[in-house]
Amino acid sequence: MNAALDGFTVSPAAKAMRDAFLRWQCSVRKIAMRENAGRPDDAIIPDLTLAGQHEPMGQILTVLCKAPDYSVTPELMHMFRKTNDPAQRREQALTYFSANYYQKPKEFSDTLTATFPPGSPGAARIRQAQRCTLSFRAYSMRYELDCRVWRLGRQNPLFEATWWHNLLFNPNLHPETEVLGFEPNWSNSTSGTV
C-alpha cells in the first residue's frame, strides 16, 4: 500500500529510504557538531546537478530543519539574542546541537534547505530548473535525491529555522539571504553503499 508523504505518494521501500536518510543525516550532523566543531563535510555538502544535466554545477551546504511541529526556532532566536559576542553564540550553538538536537530523526523535515546570497546567479539557475539531484557520498553511504526546488518565503517555518540556525554560525549573514527548499521525491531517489 502506498502512503502520501510530503506531497508525493511513496511505497514502503521509499518511506524506508527516507527514514534511513534522516537517521543518517542526524548521525553525521551530530558527528560534525561533536567532533568537527560544527564544520560541515561531504555528508552535509552534496553535489547538486540540475535536471537534464550530467555534471554537477557545484556543491551546496544544506541545513536539516526540525519539522514545524517540533520547531525549536524560538530557542535559536533566544541563543542569538542573549549575547552580542559571535564566539559565545557559536559555542552555545555547538553545545546545543551536540546534545539532544539530532537524537530523534522522526522530528525532522525531509525537505533540506540551503542559503544563497541575494541575487545569486546559481540560486536563479537552480530555481529555474525546478528540479535537481543532490548527491551525498560520505561515511560509506551514497544517496542520490531527486528533488523539487523552490524559494522559501520569509514566513515559511523552514526559512525561519534555516535563517536562525545559520545566523548562529555566521553573524554576517546578509538580511536579504535567499533560502531554497529541496524536497526529495523518494520514489525517484536511490541509495547504497560506497
Side-chain angles (χ1 to χ4, degrees), residues 20-49 56-67 70-73 75-105 107-118 120 122-123 126 132-145 147 149 152 158-182 184 191-194:
F21 177 76
L22 289 175
R23 282 192 306 274
W24 181 68
Q25 280 290 291
C26 284
S27 177
V28 298
R29 288 169 191 270
K30 214 179 330 181
I31 290 169
M33 294 297 171
R34 291 180 179 174
E35 299 175 15
N36 299 327
R39 286 185 298 278
D41 60 20
D42 287 343
I44 298 167
I45 308 174
D47 288 330
L48 184 148
T49 305
M57 71 176 283
Q59 293 182 306
I60 60 168
L61 175 57
T62 61
V63 175
L64 181 68
C65 300
K66 295 264 189 180
Y70 300 97
S71 174
V72 294
T73 301
E75 289 90 333
L76 303 181
M77 293 167 66
H78 176 72
M79 247 186 283
F80 180 82
R81 291 176 174 156
K82 76 179 185 180
T83 180
N84 287 326
D85 183 346
Q88 284 183 356
R89 286 178 184 148
R90 181 179 178 77
E91 191 57 41
Q92 290 170 6
L94 286 173
T95 300
Y96 182 77
F97 291 122
S98 295
N100 296 325
Y101 184 78
Y102 292 111
Q103 290 300 102
K104 297 179 181 174
E107 293 183 356
F108 288 86
S109 169
D110 66 348
T111 297
L112 298 162
T113 61
T115 57
F116 296 85
S120 163
I126 296 166
C132 70
T133 299
L134 297 182
S135 302
F136 295 86
R137 285 182 183 82
Y139 300 99
S140 301
M141 291 301 299
R142 173 192 57 79
Y143 286 92
E144 303 285 332
L145 305 184
C147 297
V149 183
L152 300 177
L158 297 179
F159 178 102
E160 292 179 344
T162 303
W163 171 262
W164 290 103
H165 176 280
N166 283 356
L167 200 56
L168 289 168
F169 294 97
N170 178 9
N172 298 317
L173 195 62
H174 193 284
E176 298 302 317
T177 292
E178 182 174 353
V179 179
L180 298 184
F182 298 84
S191 65
T193 56
V194 290

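The residues of the chain are indexed from 1 along the displayed sequence.
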**Study point:** Heavy-atom closest contact (Pro184 atom, Thr111 atom, distance)
**Key:** CD-CA, 4.3 Å
Point to revise | Shortest non-hydrogen contact between Cys26 and Pro105, atoms and distance | key: SG-CA, 3.7 Å
Practice item. Working to the nearest 0.5 Å, report the span between CZ of Phe80 and CG of Leu168. Key: 7.5 Å
Review point. What is the minimum heavy-atom distance between Ala93 and Phe169, and which atoms define it?
Key: CB-CZ, 3.8 Å
Point to revise | Donor-acceptor contact present, side-chain Arg142 to main-chain Ser191, <3.5 Å | key: yes
Revision key, fill the gap. Sequence neighbours excluded, the answer for ring-ring contact (aromatic ring centres under 6.0 Å, His included) partners of Tyr101 is Tyr96, Phe97, Phe108
**Study point:** salt bridge (charged side-chain N to carboxylate O under 4.0 Å, His left out) involving Arg23 - partner list, sequence neighbours excluded
**Key:** none
Review point. So which pairs with a foot in residues 163-177 pass side-chain hydrogen bond (donor to acceptor under 3.5 Å, both in side chains), sequence neighbours left out?
Key: Thr115-Asn166
Review point. Got a sec, which residues hit side-chain hydrogen bond (donor to acceptor under 3.5 Å, both in side chains) with Arg34, two or more places apart in sequence or on another chain?
Key: none
**Study point:** Worked verdict on Ile126 versus Leu180 for side chain to side chain contact (heavy atoms under 4.5 Å, CB included)
**Key:** CA-CA 9 Å; Ile126 296 166; Leu180 298 184; 3.9 Å; yes
Point to revise | Donor-acceptor under 3.5 Å (Thr162 side chain, Leu158 main chain) | key: yes
Exercise for review: Using salt bridge (charged side-chain N to carboxylate O under 4.0 Å, His left out) as the criterion, list what pairs up with Glu160, not counting sequence neighbours.
Suggested key: none
Study note, to complete from the structure: Across all chains, not counting sequence neighbours, the salt bridge (charged side-chain N to carboxylate O under 4.0 Å, His left out) partners of Lys30 are none
Review point. What closest approach, in Å, do Phe136 and Ala43 show between heavy atoms, and which atom pair accounts for it?
Key: CD2-O, 3.2 Å
Review point. Taking atom CG of Leu112 and atom SG of Cys147, what is their separation to the nearest 0.5 Å?
Key: 6.5 Å
Check your understanding: Say you draw a straight line from CD of Glu107 to CG of Leu64; how long is it, rounded to the nearest 0.5 Å?
Key -> 11.5 Å
Exercise for review: Not counting sequence neighbours, which residues clear side-chain hydrogen bond (donor to acceptor under 3.5 Å, both in side chains) with Gln25? List them please.
Suggested key: Arg29
Practice item. Could you tell me whether the side chain of Cys132 reaches within less than 4.5 Å of the side chain of Val149, counting heavy atoms only? Key: yes
Exercise for review: Under the side chain to side chain contact (heavy atoms under 4.5 Å, CB included) rule, collect the residues that match up with Ser135, sequence neighbours excluded.
Suggested key: Asp47, Thr133, Arg137, Glu144
Revision key, fill the gap. Separation between CG (Asp110) and CG (Leu145), nearest 0.5 Å, reads 9.0 Å
Point to revise | Pairs where residues 84-95 contributes a residue and the test side-chain hydrogen bond (donor to acceptor under 3.5 Å, both in side chains) is met, not counting sequence neighbours | key: Thr83-Gln88
Practice item. Taking the side chain as every heavy atom from C-beta outward, state whether Met141 and Val194 have any pair of such atoms under 4.5 Å apart. Key: no
Practice item. Not counting sequence neighbours, which residues clear side chain to side chain contact (heavy atoms under 4.5 Å, CB included) with Pro40? List them please. Key: Ile44, Ile45, Leu61
Revision key, fill the gap. With sequence neighbours left out, the residues meeting side-chain hydrogen bond (donor to acceptor under 3.5 Å, both in side chains) with Tyr139 are Asp41
Exercise for review: Work out which heavy atom in Gly181 is nearest to a heavy atom in Leu152; give both atom names and the distance.
Suggested key: N-CG, 3.9 Å
Practice item. Would you please name every residue forming a side-chain hydrogen bond (donor to acceptor under 3.5 Å, both in side chains) with Thr49, sequence neighbours left out? Key: none
Practice item. Determine, stepwise, if the pair Phe182 / Ile60 fulfils side chain to side chain contact (heavy atoms under 4.5 Å, CB included). Key: CA-CA 11 Å; Phe182 298 84; Ile60 60 168; 3.7 Å; yes
